[in-house]
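Since the structure comes first, as structure tokens, the remarks are kept for the end.
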There are 2 protein chains.
Amino acid sequence: MSRPAAPRVTIRDVAAAAGVSVTTVSHSLNGKGAVDPATRARVKQVAAQLGYRASRAAQALRAGRSGTIAFVIPSVGAVAEEREMLSLDYYMQLASAAARVAFTRRHPLLLPPPIETLDDLRELGVDGAILCDPARDDPRIALFEELGLPIVTIERDLGRPDHRWYVEGDNRGNMRLLLDHVAAAGGRRIALLSADSTWSWSADNEQAYRAWCEEHERTPIVEPTSLRHLETSAYDRACALLDRPDRPDAIIALAERYATGVVRAARERGLRIPQDLLVAGGIDSHQAAEGDPPITAIDLQPELQGAAAAALLVALTEGERPEAPRIVPSRLRVRASTQRT
Amino acid sequence: MSRPAAPRVTIRDVAAAAGVSVTTVSHSLNGKGAVDPATRARVKQVAAQLGYRASRAAQALRAGRSGTIAFVIPSVGAVAEEREMLSLDYYMQLASAAARVAFTRRHPLLLPPPIETLDDLRELGVDGAILCDPARDDPRIALFEELGLPIVTIERDLGRPDHRWYVEGDNRGNMRLLLDHVAAAGGRRIALLSADSTWSWSADNEQAYRAWCEEHERTPIVEPTSLRHLETSAYDRACALLDRPDRPDAIIALAERYATGVVRAARERGLRIPQDLLVAGGIDSHQAAEGDPPITAIDLQPELQGAAAAALLVALTEGERPEAPRIVPSRLRVRASTQRT
DNA sequence: CTGAAAGCGCTTACAG
DNA sequence: CTGAAAGCGCTTACAG
């Protein structure tokens, strides 16, 4: 059974133990004011010894801020679909990295309920948010701005070229890298299962794909694929592609889980990967890495993106004007699905 | 660009607008004290009109609690593996449901960094935690109790039969249901890929499996499978099973993603599912539902489990002594992998 | 270099 | 039924 809660160690306790005022404790611990270095050191030591940590509630009240930030995943239709989004490796890695950095900066990350109205947002009571993959003119950005709250997006809102607080990968460069790689692996007719959304990530990738095709004098083959029921949608689109008389010999499956659907469609048709069909993913995942076969994919390095977004957001909540946007480097993970050797 | 933050509407503003004292506002809004019904109604209306919401920071400071709770996922080895856990459908659905309920009860759910020491926990500053799948004698439970903080587990700690604050499914009943179903579908030699852990969920399932085998005079075939690299581990174990001279004609793949590994192993050997091999999962997921073939599985109803855990925990933080443990009903989802018709 | 005091926005014991 | 006041634990402008 749990014992009664230990009474909290407050700044007064530290002050008493160190024989100074609470002002001096506060200054010492926060690196503010002009405190005798010896005093500062002693205060720090006493505080550590007593296991003192400033009350987040008190700090928040004093500062007039909540000290928390929200992590908001993309909304794709109804709640049931949100769950599918939530369990994607990419978002979970973003969330986990963002949580770690935010926490270090004394801004715990919280998992919010869906935000649709200004009232929802007021009720949420956060100092700001990280919003993943905003739709074009995402209404949630407007809500935050309405309340004067900073919002950092991962990927950008195509309807707001002025909103520069975002983090993203070099989407166009990544798509070119992927295409060059697939072409070098022998892909002649390279199709794209694009993500049917208004996300900048989708648009950037598709645009780069089309530009690359034009430069290389190849006919673009684009199949817009739903972001709901990722695997099944991709399977359907891949079937359509593979049943064409001029079927592609390579498919780039843009969104997470798309590749699994492509692999299934290929298998059903007796097409071997990579011998008969090259497959590559626009975004890496556990499933891509451990699937059968393992799928070559772009690793957007969500740990770096999430960390960058959190750092940016915390800086904004503190009134700073940090450098933005931030472009995070990505990596091409080459795997069996594009290696014919 | 974002406008300056709107000044917060405080209880004083409401009091002034309603022409009463802050005491009366507080009482009216919180249903406390003896307030004239007409006054109460007026205050509520004015508050709503001004868009007033009590400052969580102020309430937390007053109450001496933080007003937040942590959602802690199982630790399986290093950080990299935690990420794999985090992106499982099951935990995400738990988290999402728990977040919703907790938020409604004014206890936002936060995503904590790993908790290993008492200091980590103090630094975290939450009022309690929901801990998923505790290991036997999970050290984190002891840490919370050390600080007098309530902790609700999803599944129970096998080393602490006294800790009754948990939520779980009817694991043994579920396994029997699954076995009866698989046997009815024609399974004669039914093997179990069990989860190699000290979780109660694993233990309950394995125990029920063995008991069922004994009752039905069948030889148990148990392959303990690692919880790291779920799919690959399951693939390896399934290969071992399927290469035995007396290979099973049915495999129960306990943990999430195990079934995918089993399917791969079967396919490589030219075994058709369900004709040559029945496959069922101990836990449902998107992957199971949308895979090829769709996999019969137990749906633990994580939305209900997460909601129950949050409700239980919030009650505990408020000093109540709610009914516990709570057993949440599960569902058998029958799919193509066990239907030979 | 140090400290007394005000005040952030609540809730509640208490007085009327 | 209503309200004035104390106090939760901080930070900071200000005085010394």
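Protein chains get the first letters and strands the later ones, always in sequence-line order, with residue 1 at the start of each.
- Look at D/dC14: its Watson-Crick or wobble partner, with both distances under 3.5 angstrom, is C/dG3.
- Base contact: A/A34 has a heavy atom under 4.0 Å from a base atom.
- Ion pairing between B/R140 and B/E146 fails under the 4.0 Å rule for side-chain N and carboxylate O.
- Of the residues in residues 58-67 of chain A, those lying under 4.0 Å from DNA chain C by heavy-atom distance are A/L61, A/R62.
- Separation of atoms CG (B/D138) and CZ (B/R156) is listed at 14.5 Å; rounding is to 0.5 Å.
- Counting non-hydrogen atoms under 4.0 angstrom, A/T23 reaches a base of the nucleic acid.
- Using a 4.0 Å heavy-atom distance criterion, A/S26 is classed as a base contact.
- A/R40 comes within 4.0 angstrom of no nucleic acid atom, judged by non-hydrogen atoms across all strands.
- Where DNA chain C meets chain A (any atom under 4.0 Å from a heavy atom), the bounding nucleotides read 5' to 3' are C/dC1 to C/dG9.
- Nearest heavy-atom pair, A/P134 versus A/I141, reported as atom, atom and distance to 0.1 Å: CB-CD1, 4.3 Å.
- The residue B/R53 sits close only to the backbone: its heavy atoms come under 4.0 Å of sugar-phosphate atoms, none of a base.
- Under a 4.0 Å N-O distance rule, the pair A/R53/B/D119 qualifies as a salt bridge.
- In this model, no donor atom of one side chain and acceptor atom of the other lie less than 3.5 Å apart for A/Y166 and A/D157.
- In this structure a side-chain-to-backbone donor-acceptor pair under 3.5 Å is missing from A/D127 to A/R65.
- Between A/A102 and A/I69 the shortest heavy-atom distance is CB-CD1, 3.7 Å.
- Ion pairing between a basic and an acidic side chain is recognised when a charged N comes within 4.0 Å of a carboxylate O; B/R164 and B/E323 show no such pairing.
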